[in-house]
Novice: 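Below you'll find the structure I mean.
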Amino acid sequence: MPTQTSPASHSLPRFEDAEPLGPQDAEFARDIQAVLKKHGNLDRFGLVLLHDHFSVDSDEVLVETNDPQARTLHVEVEKKGETKHAQPSQWRFVADSEETPTAQSYRAPYKAQMLCLTLACEDR
């Protein structure tokens with residue numbers, strides 16, 4: 001049976017309680033900007049406010065699709081093994097103890113938070 005994410009293992013606040021980026025984070029933001037610039041990734045990566053709206057089981061993943069004609073984004077929960085969406089679009093840094101490498105992966109300091117694919121209008 002899948003395990004559900006919990007505040008103890010996940011420790012993300014609800015959106016309403018999450019502290020947004022503010023003036024007190026200016027030095028942090030400059031440091032992140034410098035690292036991104038050093039590695040040529042200023043136009044590739046940015047920041048997001050990590051938060052929870054609801055729990056996601058360990059065998060599930062958030063999937064973002066979009067409809068360019070309607071200019072809308074849609075986020076749904078799908079089973080990891082059943083989703084057709086394979087392009088990660090958001091990641092979260094994790095402590096070494098949280099990331100378990102598989103035979104196909106190496107120990108990365110992050111895990112995918114969301115997958116993404118364009119949703120064609122006719123596929124709805």
Novice: Side-chain contact, heavy-atom cut-off 4.5 Å: Ile32 with Phe45?
Specialist: no

Novice: One pair to check against side chain to side chain contact (heavy atoms under 4.5 Å, CB included): Phe15 and His53. What are the steps and the verdict?
Specialist: CA-CA 6 Å; Phe15 178 75; His53 289 285; 3.6 Å; yes

Novice: Going through the checks in order, is the side chain to side chain contact (heavy atoms under 4.5 Å, CB included) test met by Leu115 and Thr83?
Specialist: CA-CA 9 Å; Leu115 306 179; Thr83 185; 4.0 Å; yes

Novice: Is the CD atom of Glu27 crowded by more than 12 outside heavy atoms at less than 6.0 Å?
Specialist: no

Novice: Glu60 versus Glu82: any side-chain heavy-atom pair under 4.5 Å?
Specialist: no

Novice: Of all the heavy-atom pairs spanning Lys80 and Ser58, show the shortest one and how long it is.
Specialist: NZ-O, 3.0 Å

Novice: Please examine the side chains of Leu50 and Val48, heavy atoms only from C-beta on, and report whether any two atoms are closer than 4.5 Å.
Specialist: yes

Novice: Would you kindly confirm whether Leu12 and Leu49 end up in one hydrophobic cluster when ILVMFWY residues are joined by side chain heavy atoms under 4.5 Å apart?
Specialist: no

Novice: Between Asp52 and Arg14, does any NZ, NE, NH1 or NH2 come within less than 4.0 Å of an OD or OE carboxylate oxygen?
Specialist: no

Novice: Once rounded to the nearest 0.5 Å, what's the spacing between atom CG of Leu62 and atom SG of Cys116?
Specialist: 12.0 Å

Novice: Verify the cluster assignment for Val75 and Val63: are they in a single hydrophobic cluster under the rule of side-chain heavy atoms below 4.5 Å apart?
Specialist: no

Novice: If you define the side chain from C-beta out and look only at heavy atoms, does anything of Pro88 sit under 4.5 Å from Met114?
Specialist: no

Novice: Could you tell me whether Gln87 atom CD has more than 12 heavy atoms of other residues or ligands within 6.0 Å of it?
Specialist: no

Novice: To the nearest 0.5 Å, how far apart are CD in Gln90 and CD in Glu64?
Specialist: 6.5 Å

Novice: Does the side chain of His74 reach to within under 4.5 Å of the side chain of Thr65, using non-hydrogen atoms?
Specialist: yes

Novice: Taking Gln69's backbone N and O only, do any of them form a donor-acceptor pair with Asp67's side chain (distance below 3.5 Å, no angle check)?
Specialist: yes

Novice: Tell me whether Leu47 shares a hydrophobic cluster with Leu36, the cluster being built from Ile, Leu, Val, Met, Phe, Trp, Tyr side chains joined at under 4.5 Å.
Specialist: yes

Novice: Would a single hydrophobic cluster contain both Leu73 and Val61, if residues Ile, Leu, Val, Met, Phe, Trp and Tyr are joined by side-chain heavy-atom contacts under 4.5 Å?
Specialist: no

Novice: Any chance CD of Glu78 has more than 12 other-residue heavy atoms, nucleotides or ligands included, within less than 6.0 Å?
Specialist: yes

Novice: Determine whether more than 12 heavy atoms belonging to other residues, nucleotides or ligands lie under 6.0 Å from atom CG of Asp17.
Specialist: yes

Novice: Treat each ILVMFWY residue as a node, draw an edge where side-chain heavy atoms are under 4.5 Å apart, and state whether Val35 and Leu21 are in one component.
Specialist: no

